[in-house]
Amino acid sequence: MKKDPSKENTSEKNTSKNNAFEKLHRINYLGAEMDALYHRASHKLGISDSAMRALYTVYDHQGTCLLSDIYKESGISKQTVNSAIRKLENDDILYLEQETGRGKRVRLTDKGKSYVDQNAARLYAAECEVFASWREEEIDTYIRFMETFNDMFRAQVERM
């Protein structure tokens, strides 16, 4: 007896959808696990997640950056960034300087440089340690896949 080709195609599509769903589930789980690891690192280093993200961005910019860089690169809301910055300012970890126009520059104080060495720099070093164990092609592939996914997902979000 001959199989109905339309049923085969439907079956293949269902299998493909189930497989895609399982992979998306795994990807989402891994993303959540990574978020949890960063949260755990912040907790172990005695700093809030938002303060860590702000200081990490400043550290990544060699100790000074625009406040808008933190908004763009940290992945957290402006309100949360501003609260974290205010607390870090009050603790004499960093200060803000007026830039041309409405921009503000974030700079670490001497105390802040020491503080960052105890937290954001250690997190950065841990990440570097992981990537040091990868081949360069693996790192390049990882970056390329992340960029491609972000670009395509950004387009999907814009269509919502």
Side-chain angles (χ1 to χ4, degrees), residues 20-21 23-160:
F21 174 78
K23 288 182 180 187
L24 179 60
H25 178 76
R26 180 73 178 140
I27 289 166
N28 287 338
Y29 172 80
L30 290 170
E33 184 179 23
M34 188 177 296
D35 288 344
L37 286 168
Y38 279 98
H39 171 74
R40 184 170 178 211
S42 295
H43 186 284
K44 286 183 83 166
L45 295 169
I47 184 172
S48 72
D49 292 347
S50 55
M52 176 64 88
R53 286 182 179 219
L55 289 175
Y56 186 99
T57 305
V58 175
Y59 178 78
D60 195 40
H61 286 264
Q62 286 78 48
T64 182
C65 67
L66 295 175
L67 184 57
S68 61
D69 292 332
I70 299 173
Y71 297 149
K72 292 173 194 166
E73 297 173 24
S74 69
I76 52 181
S77 72
K78 284 184 180 183
Q79 181 178 353
T80 302
V81 168
N82 289 335
S83 293
I85 294 293
R86 238 184 337 272
K87 181 173 181 346
L88 292 165
E89 251 187 316
N90 290 338
D91 293 342
D92 194 36
I93 303 299
L94 54 77
Y95 61 97
L96 297 175
E97 287 180 340
Q98 188 65 46
E99 284 281 305
T100 54
R102 294 176 31 200
K104 292 187 179 178
R105 177 161 296 280
V106 178
R107 291 193 187 276
L108 295 173
T109 63
D110 288 337
K111 178 182 174 184
K113 290 173 187 172
S114 224
Y115 186 71
V116 164
D117 285 343
Q118 297 167 25
N119 51 59
R122 290 178 64 194
L123 181 62
Y124 198 89
E127 292 170 322
C128 288
E129 189 88 18
V130 170
F131 285 120
S133 72
W134 292 16
R135 292 188 322 269
E136 189 170 346
E137 313 83 69
E138 292 172 319
I139 297 169
D140 292 341
T141 299
Y142 184 69
I143 291 168
R144 191 174 61 253
F145 285 154
M146 289 180 72
E147 288 172 339
T148 300
F149 178 84
N150 286 351
D151 291 345
M152 294 175 81
F153 189 57
R154 185 178 300 106
Q156 293 294 321
V157 169
E158 291 305 315
R159 285 194 277 268
M160 289 182 177

Tabulate below the donor-acceptor pairs under 3.5 Å that side-chain atoms of residues 151-160 make, not counting sequence neighbours, or state none.
from: D151; atom 1: OD1; to: R154; atom 2: NH1; distance (Å): 3.0

Heavy atoms of S74 and I76 approach each other most closely as OG-CG1, 3.0 Å
Taking the side chain as every heavy atom from C-beta outward, state whether V106 and L88 have any atom pair closer than 4.5 Å.
no
Pairs under 3.5 angstrom only: tabulate donor-acceptor contacts from the side chains of residues 110-124 to other protein residues two or more places apart or in another chain.
from: K111; atom 1: NZ; to: D91; atom 2: O; distance (Å): 2.9
from: N119; atom 1: ND2; to: Y115; atom 2: O; distance (Å): 2.9
from: Y124; atom 1: OH; to: D60; atom 2: OD1; distance (Å): 3.2

Any non-hydrogen side-chain atom of D35 less than 4.5 Å from a side-chain atom of H39? no
Pairs of donor and acceptor atoms involving the side chains of residues 135-142, under 3.5 Å and at least two apart or interchain, shall be tabulated with distances.
from: R135; atom 1: NE; to: E137; atom 2: OE1; distance (Å): 3.1
from: E138; atom 1: OE1; to: R135; atom 2: N; distance (Å): 2.7
from: T141; atom 1: OG1; to: E137; atom 2: O; distance (Å): 2.8

In this structure, CD1 of I70 is separated from NZ of K104 (nearest 0.5 Å) by 12.0 Å
Please tell me if the side chains of R26 and Y29 come closer than 4.5 Å, counting only heavy atoms from C-beta onward.
yes
d(N82 CG, L67 CG) to nearest 0.5 Å is 6.0 Å
Rounding to 0.5 Å, atoms CG (L96) and CD (Q98) come to a distance of 9.0 Å
By side chain to side chain contact (heavy atoms under 4.5 Å, CB included), R107 pairs with (sequence neighbours left out) T64, Y95, E97, R105
Distance col, row K87:NZ vs S48:OG, nearest 0.5 angstrom, shows 7.5 Å
Sequence neighbours excluded, the answer for side chain to side chain contact (heavy atoms under 4.5 Å, CB included) partners of H61 is T57, C65, D69, E73
**Prompt:** Is it true that atom CD of Q79 has more than 12 heavy atoms of other residues, nucleotides or ligands lying nearer than 6.0 Å?
**Reply:** no
Contacts of S42 meeting side chain to side chain contact (heavy atoms under 4.5 Å, CB included) (sequence neighbours excluded), chain-then-number -> I47, D49, M52
